[in-house]
Structure formats: structure tokens, C-alpha cells
There are 2 protein chains.
Amino acid sequence: MPGVMRDLEELVEPPALTGSVSYRLRLLQIAAYKSFEKVVSGFGTAPRYYGMLKLIQANPGIHQMRLAEAIYLDRSSLVPIIEALSNEGWLERRPTRHDRRVRRIYLTDLGERQLALLDAEVERHEAMVTEGFEAAEIQRLLADLGRIDANLRGFLSVSNEGA
Amino acid sequence: MPGVMRDLEELVEPPALTGSVSYRLRLLQIAAYKSFEKVVSGFGTAPRYYGMLKLIQANPGIHQMRLAEAIYLDRSSLVPIIEALSNEGWLERRPTRHDRRVRRIYLTDLGERQLALLDAEVERHEAMVTEGFEAAEIQRLLADLGRIDANLRGFLSVSNEGA
DNA sequence: TATTGTTATACTCTATAACTATA
DNA sequence: TATAGTTATAGAGTATAACAATA
């Protein structure tokens with residue numbers, strides 16, 4: 001009776017997906033994000049903006065526009081995020097003297113302290129993600145991902161030239 | 001006058017991000033998705049579910065539950081997607097004899113033909129993503145991503161054991 | 001009792017367009 | 001005229017919970 005066992009068969013991954021870097025990236029990102037949310041808890045809305053907080057930390061006084069570009073967001077989409085993290089005490093917006101349209105973003109002291117705690121959780125997650133990799137392998141992987149990033153940024157900026 | 005040039009300075013990427021595979025994956029996926037949408041057009045809502053369509057093609061008659069798991073979606077979230085693609089003629093649901101709760105999913109003939117056209121667009125995009133990579137480098141990268149996928153799936157299934 | 005697919009519903013995230021205040 | 005930030009709004013996309021049919 002062929003067909004009866006069908007429900008128990010392995011899922012076939014077609015070559016077009018198995019061999020696609022884009023597809024792997026997509027599924028990996030979903031899985032990485034879900035696992036990250038399981039690892040991290042008790043930090044409010046901040047964990048999902050960990051990357052942004054680290055960028056602010058490394059670039060104190062960064063403009064909102066600049067920040068939005070860096071994380072591929074529209075400037076309007078960034079506003080409620082900045083708002084929420086300000087309300088939770090992570091960061092603050094300060095006006096500038098030279099150009100009063102611009103507001104510069106800084107971590108608060110509380111933000112700095114909390115971010116240090118969050119760093120530990122993030123490292124724990126990263127260790128799980130790269131379990132079984134040697135340091136050199138991780139460096140090589142990061143280099144490869146960097147090359148892909150360059151390809152994509154190049155393509156996106158070229159195809160945005162008209163805008 | 002230090003500080004005046006600040007607006008033109010390069011963005012500093014902190015080591016915690018530069019060295020994080022998770023973070024790279026996240027940003028890459030966003031960029032890859034945006035570029036994919038620019039490359040592909042004229043296929044309705046299908047391109048964003050290209051991976052799912054290829055899975056159905058490779059696993060004709062797959063159950064909805066099975067499909068949902070494979071792409072990390074809740075079974076309820078899959079329903080409107082299946083619905084839309086059915087309405088656009090890409091696929092169809094057929095009842096089963098043995099277990100009448102289950103509906104099996106198949107590509108239609110139209111779906112097969114359109115998917116063949118979409119394949120070409122996807123290949124074009126993939127070529128851009130991996131531009132500058134040699135075939136062996138791509139294989140190595142895919143292998144690395146596969147190892148990460150295994151780590152994540154292992155972690156997610158373990159931490160879901162209670163559920 | 002458990003499972004598959006479905007529905008109703010609400011929540012999150014995002015972009016677009018219009019607005020303000022500055023430049 | 002153009003730009004930085006904001007607001008209002010609408011559209012995706014997702015999960016949760018409850019339901020019907022079936023096992």
C-alpha cells in the first residue's frame with residue numbers, strides 16, 4: 001500500500017531552496033529571532049532593538065535620520081520606537097544648537113547599565129547560534145556575510161538612484 | 001572646530017554587532033527581501049511565498065500543518081495565505097480519503113507554469129546576492145548556514161518540549 | 001480526548017502622505 | 001525650496017483562542 005506512509009515521510013527540500021543563500025537567510029533569521037526572544041526576558045521592549053541601542057552607544061548623538069537608514073527603516077517608523085525607549089528610560093533626545101531641526105540621540109546612564117546586562121544575554125544566545133564553530137570559522141562566515149551585505153547595499157543604492 | 005564635521009563622519013559599527021552572526025543575519029535578511037521585491041514583479045502575491053510554493057512543488061499533497069511547521073508559521077496564519085494563492089490559481093486543496101480532517105495541497109498546472117517563470121527571476125536575484133563568490137565558496141557558506149540552522153532548530157525544539 | 005483546518009480578533013510593525021519648524 | 005522630525009492613517013503579517021468536523 002504505497003501512499004499510506006506518506007504522512008511520516010521526510011519533507012523534501014527542493015534544490016532551488018537548498019542551494020539558495022537568500023532562502024537560508026530568511027529562514028535562519030526567523031529562527032534566530034524566535035530563539036532570541038526565548039533567551040532574553042525582563043528587558044521590556046528593548047531586546048528587539050538591541051542592535052539599534054548598540055549603534056546609539058557606539059555613535060552617541062546620532063541623528064534619527066541617520067539611525068533609520070542604518071537599520072533600513074523609514075524615519076517615521078523610527079519615531080514610536082525612540083518614543084517607547086525614551087519612556088522606558090533607555091535613551092533621550094537632545095536638541096542641537098547649530099540646526100534646531102535635528103535631535104540627537106543618546107543613551108541614558110540607566111540605558112548604559114541595562115544594556116550591559118542585556119549584552120550578557122545576547123552573548124549567551126550568540127554562543128548557542130554558533131555552537132560547534134571554531135573562532136576562525138566564525139570569522140570566515142562573517143566575512144562571507146559581509147560580502148553579501150556589500151552586494152545587496154550596492155544593488156539597493158543603485159536601484160534607488162532615481163528616488 | 002572639532003564636532004562640526006560630525007554629521008559627515010562614518011557610522012561606527014560596534015564590535016558586539018560586527019562580530020554577531022545573528023545581527024548580520026537579521027540585517028541581511030531585510031536587505032535581501034527588499035532587493036528581491038525590486039527584482040521580481042508581475043507575479044501578484046506569490047513571490048513572497050516563493051519558498052513555500054517550491055516546498056509544495058517538491059512535496060505534492062503536503063498537509064497544511066506540515067507546511068506551516070516547515071516555514072515557522074502557526075497553522076492559522078497559513079490559512080489566508082493558502083486562500084489567496086488558491087484564488088490566484090497557483091494551488092488547490094484536496095480532501096483525503098483516509099483522514100477527512102486533512103486537506104492536501106497541490107500546485108495547479110497554472111501554478112507549475114508560473115512558478116517556472118518565477119524561478120528565473122529568483123535565480124537572477126540569487127546571482128546578484130552571491131556575485132563575486134566562486135561555486136565552492138557558496139557551497140561552504142551554505143554548509144555553515146546549515147550548521148547554524150541545526151543549532152537553532154535543536155534549541156527551539158528543546159525549549160518547546162514542555163508545550 | 002486529541003487533531004486539522006478554520007474563523008474572529010487583536011496586536012505589532014511598517015510605509016505613505018501630510019504637517020511643523022526650521023534651514 | 002528642502003530637510004528633520006512628527007502625526008495620522010492604513011496595510012501587511014502574525015499569534016491566540018475558540019469553533020466545527022473528524023479521529
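Note that the structure is a prediction, hence the values are computed from the model and not measured. Letters A, B, ... are given to chains in the order of the sequence lines, protein chains preceding strands, and every chain is numbered from 1.
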Measure from [atom1] on [X] to [atom2] on [N] and round the result to the nearest Å.
{"X": "A/Met65", "N": "C/dA23", "atom1": "CE", "atom2": "P", "value": "17 Å"}
{"X": "B/Asp99", "N": "C/dT3", "atom1": "CG", "atom2": "C1'", "value": "8 Å"}
{"X": "A/Lys38", "N": "D/dA15", "atom1": "NZ", "atom2": "C1'", "value": "14 Å"}
{"X": "A/Ile62", "N": "D/dA4", "atom1": "CD1", "atom2": "P", "value": "13 Å"}
{"X": "B/Ile82", "N": "C/dT4", "atom1": "CD1", "atom2": "P", "value": "15 Å"}
{"X": "A/Asp74", "N": "D/dT7", "atom1": "CG", "atom2": "P", "value": "15 Å"}
{"X": "A/Leu78", "N": "C/dT16", "atom1": "CG", "atom2": "P", "value": "15 Å"}
{"X": "B/Glu37", "N": "D/dA12", "atom1": "CD", "atom2": "C1'", "value": "11 Å"}

If you compare every side-chain N and O of [X] against the phosphate oxygens of [N] (OP1, OP2), does one of them come in below 4.0 Å?
{"X": "B/Arg103", "N": "C/dT6", "answer": "yes"}
{"X": "B/Ser77", "N": "D/dA15", "answer": "yes"}
{"X": "A/Arg75", "N": "C/dA15", "answer": "no"}
{"X": "B/Arg104", "N": "C/dT4", "answer": "no"}
{"X": "B/Tyr49", "N": "D/dG13", "answer": "yes"}
{"X": "A/Lys34", "N": "D/dA15", "answer": "yes"}
{"X": "B/Arg93", "N": "C/dT6", "answer": "yes"}

Q) In terms of the nearest nucleotide of DNA chain D, which residue is placed more toward the 5' end: A/Glu83 or B/Arg101? A) A/Glu83
Q | Toward the 5' end of DNA chain D, by each residue's nearest nucleotide, B/Leu73 or A/Ser76 | A | A/Ser76
Q: Salt-bridge test for A/Glu37 and A/Lys34: reply yes if a basic N is under 4.0 Å from a carboxylate O, no otherwise.
A: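 A/Lys34 and A/Glu37: not salt-bridged.
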Q.
Any salt bridge linking B/Arg93 with B/Glu83? Criterion: basic side-chain nitrogen under 4.0 Å from a carboxylate oxygen.
A.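 B/Glu83 and B/Arg93: salt-bridged.
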Q: Please figure out whether A/Tyr72 or A/Arg97 has its closest DNA chain C nucleotide nearer the 5' end.
A: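 Result: A/Tyr72.
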Q: When you get a sec, tell me which of C/dT12, D/dT14, C/dA15 is the closest nucleotide to the side chain of B/Ile81?
A: D/dT14
Q.
Can you tell me which nucleotide in D/dG13, C/dG5, C/dT3 comes closest to the side chain of B/Val102?
A. C/dG5
Q. Can you tell if the side chain of B/Val40 reaches within under 4.5 Å of the side chain of B/Arg124, non-hydrogen atoms only?
A.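 The answer is no; the side chains never approach within 4.5 Å.
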Q. Taking C-beta and beyond as the side chain, do B/Leu78 and B/Ile71 meet within less than 4.5 Å on heavy atoms?
A.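 A side-chain contact exists here, since the closest heavy-atom pair is under 4.5 Å.
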Q) If you draw a 6.0 Å radius around CG in A/Asn87, do more than 12 non-hydrogen atoms from other residues or ligands fall strictly inside? A) yes
Q: Ignoring hydrogens and angles, answer whether the base of D/dT22 and the side-chain atoms of B/Arg100 contain a donor-acceptor pair closer than 3.5 Å.
A: no
Q. Which part of the nucleic acid, if any, lies within contact of A/Val79, taking any heavy atom under 4.0 Å across all strands shown: a base, the sugar-phosphate backbone alone, or nothing?
A.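 Base contact - A/Val79 has a heavy atom under 4.0 Å of at least one base atom.
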(Q) Using only atom types and a distance under 3.5 Å, with no angle test, would you say the side chain of A/Thr130 pairs donor to acceptor with the backbone of A/Phe133? (A)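 No, the answer is negative, given that no donor and acceptor are paired below the 3.5 Å cut-off.
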